[in-house]
Amino acid sequence: MAYDKIIVPDTGEKISFTDGKMNVPDNPILLFIEGDGIGYDIMTASKRIWDAAVKKAYSGKREISWMEVYSGEKAAGLYDGDYMPEETFEAFREFYVGIKGPLTTPVGGGFRSLNVTLRKVLDLYSCIRPVRWFKGVPSPLREPQDVDVVIFRENTEDIYAGIEFEAGTPENEKFAKFLREEMGATGFFEGAGLGVKPISPFGSKRLIRAAIEYAIERGRSSVTLVHKGNIQKFTEGAFQRWGYELAKEEFPEQTISWEEVAEKHDGKVPEGKILIQDTIADIMFQKMLLRPREHDVIATTNLNGDYLSDALAAEVGGVGIAPGANIGDEIALFEATHGTAPKYTNKDMVNPGSLLFSGVMMLEHLGWFEAADLITKAYEMTIDQKFVTYDFARQMDDATKVATSEFATKIIENMDNV
């Protein structure tokens with residue numbers, strides 16, 4: 001289709017789908033949203049690294065054709081104040097795969113979260129957050145290497161559905177009256193702000209299905225359903241129940257519940273089976289500190305996933321190096337998981353790790369595992385050499401503090417030594 005501000009590159013081919021299977025050419029057109037604040041610095045550095053890795057891994061036979069699309073402050077400047085132009089959505093529907101830097105999200109007012117809008121409009125129902133330790137990265141844990149989980153967070157329901165009624169408004173009073181008089185709900189104070197927490201079998205099962213399929217494809221050992229079903233029985237409790245039902249109905253040959261393991265296999269998971277288990281959300285935080293090896297893939301609701309993914313990232317170096325992706329049935333949007341850090345805008349000093357490794361996830365999504373692995377190894381080598389940006393330098397003895405661009409250059413150089 002024709003675009004107004006977006007320029008389609010002269011080189012490159014579109015990714016396509018046949019019977020639900022993605023077809024990736026050797027020169028795919030991939031979208032990128034630069035991002036606000038530190039977005040320019042980390043996107044520029046990361047693109048250099050991704051391009052260098054692809055060129056080296058495939059001896060120049062593969063290449064990414066980058067196509068910039070717009071959201072956030074840069075979009076507002078181009079589209080007369082529109083932070084989320086419609087043609088950005090159209091570009092994702094046409095080209096399928098892209099990556100974005102951090103976007104501005106005001107607290108308590110202003111426009112709606114751009115991140116949430118992208119996920120909902122494009123129906124990117126799985127937020128995927130791998131959490132693992134990279135050698136040399138400072139961590140508060142004694143044994144950070146034990147943390148290696150992939151979180152699947154449901155992206156479209158729960159309180160993030162945005163169904164809220166502000167205290168003191170006519171809508172709030174009408175809803176409160178309905179709850180009290182029609183539904184018999186009395187467990188809230190007069191004048192309370194009210195929200196609705198929708199959790200559906202459709203939304204829950206497609207998220208849990210994606211988590212199980214990922215575990216099968218990547219040879220993972222378990223999928224843990226994290227919920228607060230002991231209190232919220234008809235939402236979070238239903239999420240847990242639907243998860244067990246789905247595994248039994250759709251993946252009976254590949255999965256086994258903990259109940260079956262205990263009753264039929266003396267507590268030992270049979271060879272080749274993926275364990276389906278569940279844990280209460282608050283207990284999960286404790287377990288990931290004390291016994292992280294017990295968990296592999298995690299499937300959870302929206303709010304739980306938000307808390308859990310950031311907390312676990314802190315165990316292995318912080319959200320500054322935590323990657324993420326939002327994936328639907330076809331469209332995939334990879335993203336930096338941290339904020340815009342406006343005080344560091346254009347200072348060429350922040351760690352690009354979160355965006356960089358989100359790009360590594362993107363390369364893996366394309367099936368380009370050789371390039372992805374090259375980046376990971378070169379990154380670890382660079383950290384091991386204590387050649388780091390300021391955030392790591394202040395936590396290391398005898399470290400060399402470098403700019404974002406210098407850090408990228410060193411990673412590229414280390415690709416020759418991997």
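- Residues Lys386 and Thr400 have side chains not in contact (no heavy-atom distance under 4.5 Å, counting atoms from C-beta outward).
- Glu315 and Ser139 share no side-chain donor-acceptor pair at under 3.5 Å.
- Distance alone, capped at 3.5 Å, is enough to place a donor-acceptor pair between the Asn172 side chain and the Phe165 backbone.
- Taking the six-membered ring wherever Trp is involved, the centroid distance between the rings of Phe357 and Tyr379 falls below 6.0 Å.
- Between Glu154 and Arg119 there is no salt bridge, since no side-chain nitrogen of the basic residue lies less than 4.0 Å from a carboxylate oxygen of the acidic one.
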When you look at Thr300 and Phe152, which way does the side-chain contact (heavy atoms from CB on, under 4.5 Å) test go after all the steps? CA-CA 6 Å; Thr300 190; Phe152 276 70; over 6 Å; no

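- A salt bridge links Lys56 and Asp416; the closest N-O separation between the charged side-chain nitrogens and carboxylate oxygens is under 4.0 Å.
- Using modelled atom types, one side-chain atom of Glu260 and one backbone atom of Ser257 make a donor-acceptor pair closer than 3.5 Å.
- Inspection of the Asn326 and Glu335 side chains reveals an N or O donor paired with an N or O acceptor under 3.5 Å.
- Atoms OG and CD1, from Ser309 and Ile128 in turn, are 12.5 Å apart once rounded to the nearest 0.5 Å.
- Residues Thr409 and Glu406 have side chains that never bring a donor and an acceptor to within less than 3.5 angstrom of each other.
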Kindly list each side-chain donor-acceptor pair under 3.5 angstrom involving residues 131-138, sequence neighbours excluded, with atom names and distances?
{"unit_1": "Arg132", "atom_1": "NH2", "unit_2": "Glu380", "atom_2": "OE2", "d": "3.2"}
{"unit_1": "Trp133", "atom_1": "NE1", "unit_2": "Val137", "atom_2": "O", "d": "2.8"}

Checking side-chain contact (heavy atoms from CB on, under 4.5 Å) for the pair Val388/Val402: CA distance, chi angles, key distance, verdict? CA-CA 6 Å; Val388 293; Val402 297; 5.8 Å; no

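- Of the possible polar contacts, one joining the Thr404 side chain to the Val350 backbone as a donor-acceptor pair under 3.5 Å is found.
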Side chain to side chain donor-acceptor pair (under 3.5 Å) between Tyr390 and Asn351: does it pass, once the steps are laid out? CA-CA 8 Å; Tyr390 84 96; Asn351 190 332; over 6 Å; no

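- The cationic group of Arg153 does not satisfy the cation-pi geometry with Tyr307, failing either the under 6.0 Å distance to the six-membered ring centre or the 45° limit from the ring axis.
- Ser354 places a side-chain N or O within donor-acceptor distance of the main-chain N or O of Ala322, the cut-off being under 3.5 Å.
- A salt bridge is defined here as a Lys NZ or Arg NE, NH1 or NH2 lying under 4.0 Å from an Asp or Glu carboxylate O, and Asp51 with Lys55 fails to meet this definition.
- Looking only at distances, no side-chain donor or acceptor of Thr88 sits under 3.5 Å from a matching main-chain atom of Met84.
- For Phe387, the ring pair (Phe, Tyr, Trp, His ring centres under 6.0 Å) test picks out no residue, with sequence neighbours left out.
- Side-chain contact of Thr301 with Glu236: a donor-acceptor pair under 3.5 Å is present, judged by distance alone.
- Ala378 approaches Val418 most closely through the heavy-atom pair N-CG2, 3.8 Å.
- A cation-pi contact, defined as under 6.0 Å to the ring centre and within 45° of the axis, links Lys47 to Phe32.
- Under the 3.5 Å distance criterion, the side-chain polar atoms of Tyr244 are matched with a main-chain donor or acceptor of Asp278.
- Thr224 and Gln277 share a side-chain donor-acceptor pair at under 3.5 Å.
- No side-chain donor from either of Asn27 and Glu63 sits under 3.5 Å from a side-chain acceptor of the other.
- Between the side chains of Asn155 and Lys120, not a single donor N or O lies within less than 3.5 Å of an accepting N or O.
- Annotation for Ser126 and Ala210: closest pair OG-CB, 3.7 Å, computed over non-hydrogen atoms.
- One finds the CD1 atom of Ile321 at 10.5 Å from the CG atom of Leu356 (value rounded to the nearest 0.5 Å).
- Expressed to the nearest 0.5 Å, how far CZ of Phe334 lies from CG of Leu124 amounts to 10.0 Å.
- Taken from CE in Met284 to OG1 in Thr279, the straight-line distance is 5.5 Å, to the nearest 0.5 Å.
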For the pair Leu308 and Phe285, evaluate side-chain contact (heavy atoms from CB on, under 4.5 Å) and give the outcome as yes or no after the intermediate values. CA-CA 7 Å; Leu308 194 58; Phe285 286 87; 3.9 Å; yes

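- Ion pairing between Asp82 and Lys5 fails under the 4.0 Å rule for side-chain N and carboxylate O.
- Under the 3.5 Å distance criterion, with hydrogens and angles disregarded, a donor-acceptor pair is assigned to the side chains of Lys197 and Gln232.
- A salt bridge is defined here as a Lys NZ or Arg NE, NH1 or NH2 lying under 4.0 Å from an Asp or Glu carboxylate O, and Asp282 with Lys228 meets this definition.
- With sequence neighbours excluded, the residues that form a salt bridge (Lys or Arg N to Asp or Glu O under 4.0 Å) with Arg93 are Glu86, Glu90.
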One pair to check against side chain to side chain donor-acceptor pair (under 3.5 Å): Ser65 and Thr11. What are the steps and the verdict? CA-CA 6 Å; Ser65 291; Thr11 59; 3.3 Å; yes

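- Counting only distance, with no hydrogens or angles, the side chain of Lys74 and the backbone of Ser71 share no donor-acceptor pair below 3.5 Å.
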side-chain contact (heavy atoms from CB on, under 4.5 Å) evaluation trace for Ile276 with Trp258: CA-CA 6 Å; Ile276 307 298; Trp258 180 249; over 6 Å; no

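- The salt bridge (charged side-chain N to carboxylate O under 4.0 Å, His left out) pairs that include a residue from residues 389-399 number zero, where partners must be two or more places apart or lie in different chains.
- The residues Arg129 and Asp306 are annotated as not salt-bridged, no charged nitrogen and carboxylate oxygen being separated by less than 4.0 angstrom.
- The salt bridge (Lys or Arg N to Asp or Glu O under 4.0 Å) check on Lys410 picks up nothing, with sequence neighbours excluded.
- Pairing each heavy atom of Ile163 with each of Pro198, the nearest pair is CD1-CG, 4.3 Å.
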Start with the C-alpha gap between Glu166 and Thr169, add the side-chain angles, then the distance that decides, and say whether side chain to side chain donor-acceptor pair (under 3.5 Å) holds. CA-CA 6 Å; Glu166 184 179 1; Thr169 62; 5.8 Å; no

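- Minimum heavy-atom separation, Phe17 to Glu330: CZ-O, 3.5 Å.
- Salt bridge status for Lys14 with Glu94: present, with a side-chain N to carboxylate O gap under 4.0 Å.
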From CA spacing to verdict: side chain to side chain donor-acceptor pair (under 3.5 Å), Asp329, Tyr125: CA-CA 9 Å; Asp329 290 333; Tyr125 55 84; 2.7 Å; yes

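- The list of ring-ring contact (aromatic ring centres under 6.0 Å, His included) pairs with a residue in residues 46-76, not counting sequence neighbours, reads Trp50-Trp66, Tyr58-Trp368.
- Side-chain N or O atoms of Asp296 include one that pairs as donor or acceptor with a backbone N or O of Ser221 at under 3.5 Å.
- The closest side-chain heavy-atom distance from Leu179 to Phe188 is below 4.5 Å.
- The two residues Val223 and Ala211 make their nearest non-hydrogen contact at CG2-O, 4.2 Å.
- No hydrogens or angles considered: nothing links the side chains of His227 and Asn304 as a donor-acceptor pair under 3.5 Å.
- Minimum heavy-atom separation, Ala332 to His365: CB-NE2, 3.6 Å.
- Contact check on Lys248 versus Glu245 returns no salt bridge, with no Lys/Arg side-chain nitrogen under 4.0 Å from an Asp/Glu carboxylate oxygen.
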